[in-house]
Amino acid sequence: MRADILAELAATLEQRKNAAEDSSYVASLHAKGLNKILEKVGEESIETIIAAKDAVISGDKSDLIYETADLWFHTLVMLSHLDIGPDAILDELARRFNLSGLDEKASRSK
Ligand SMILES: N=c1c2ncn([C@@H]3O[C@H](COP(=O)(O)OP(=O)(O)OP(=O)(O)O)[C@@H](O)[C@H]3O)c2ncn1[C@@H]1O[C@H](COP(=O)(O)O)[C@@H](O)[C@H]1O
């Protein structure tokens, strides 16, 4: 279910590339172009940092979860705009995880 939502969201973001600008938020971002999308990624990054600091002070992590979802969402729009799907990022994370797994195995066998 959770892996599926990433693939389904990515498919929706792709479809929005061909939608009318005023028909959806994502279509409007694609139409405005990469600079607008990067501006949103920057804004959401800052909001996520502030929410992380606030979570430490208040003990309430709900805003941090909400802002991180906004940040992930806008990075997915950025990747989609550049014709990169989420699988490319998941593959890169898997590659690093497998590399570090091999490092751990090597150090354990010494
Ligand atoms: N996951 C999201 C999602 N997360 C956040 N957002 C939007 O991202 C924006 C967050 O930016 P801000 O908080 O700065 O809000 P804002 O003031 O409206 O934005 P700006 O006018 O400053 O650009 C809000 O408009 C949110 O509605 C999202 N919009 C869409 N999705 C998904 O994308 C799919 C396609 O969306 P549409 O293209 O709108 O149909 C939807 O079905 C959802 O699954």
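Ligands are counted one by one from 1 in listed order, and the atoms in each one are counted from 1 as well.
Counting only heavy atoms from C-beta outward, the side chains of Thr12 and Arg16 approach each other to under 4.5 Å.
Contact annotation for atom 30 (C) of ligand 1: protein present (non-hydrogen atoms, distance under 4.0 Å). Distance check for atom 7 (C) of ligand 1: a protein heavy atom is found below 4.0 Å. There is no protein heavy atom closer than 4.0 angstrom to atom 18 (O) of ligand 1. Within the 4.0 angstrom cut-off, atom 22 (O) of ligand 1 has one or more protein heavy-atom neighbours. Per-atom contact check: atom 1 (N) of ligand 1 touches the protein, criterion being a heavy-atom distance below 4.0 Å. Protein non-hydrogen atoms do not reach within 4.0 Å of atom 42 (O) of ligand 1.
Near Leu9, the atoms of ligand 1 lying under 4.0 angstrom from a non-hydrogen atom of the residue are 32 (C), 33 (O), 44 (O). Remark: ligand 1 atoms within the under-4.0 Å shell around heavy atoms of His74 are 8 (O), 10 (C). Each of the following atoms of ligand 1 lies closer than 4.0 Å to a heavy atom of Asp70: 4 (N), 5 (C).
Proximity of Glu44 to ligand 1 is established by a heavy-atom distance of less than 4.0 Å.
Residue Asp70 holds its CG atom at 8.0 Å from NZ of Lys40, rounded to the nearest 0.5 Å. One distance of note links CG of Leu29 with NE2 of His81; it measures 9.5 Å at 0.5 Å rounding. Here Thr48 contributes atom OG1 and Leu71 contributes atom CG; the two are 4.5 Å apart, rounded to the nearest 0.5 Å. Between atom CD1 of residue Ile49 and atom OG1 of residue Thr68 there is a gap of 10.5 Å, rounded to the nearest 0.5 Å. Note that the CD atom of Glu14 and the NE2 atom of His30 stand 6.5 Å from one another [nearest 0.5 Å]. One finds the OG atom of Ser80 at 9.0 Å from the CG atom of Leu9 (value rounded to the nearest 0.5 Å).
The minimum heavy-atom distance linking Ala20 with Ala27 is given by the pair O-CB, 3.4 Å.
If you check which protein heavy atom lies closest to atom 39 (O) of ligand 1, you get Tyr25 N, 3.1 Å. Atom 36 (O) of ligand 1 has as its closest protein heavy atom Val26 CG2, 3.7 Å. In terms of protein heavy atoms, atom 33 (O) of ligand 1 is closest to Phe73 CE1, 3.4 Å. For atom 38 (O) of ligand 1, the closest non-hydrogen atom of the protein is Ser24 OG, 2.6 Å. The protein atom (non-hydrogen) at minimum distance from atom 40 (O) of ligand 1 is Arg16 NH2, 2.9 Å.
Of the candidates Leu79, Val77, Leu82, Thr75, Val77 is the only one forming a side-chain contact (heavy atoms from CB on, under 4.5 Å) with Ile37.
For atom 12 (P) of ligand 1, the choice among Lys40, His30, Glu8, Glu43 with the nearest heavy atom turns out to be Lys40.
Counting heavy-atom neighbours within 6.0 Å of Lys17 NZ, excluding the residue itself, gives a total above 12.
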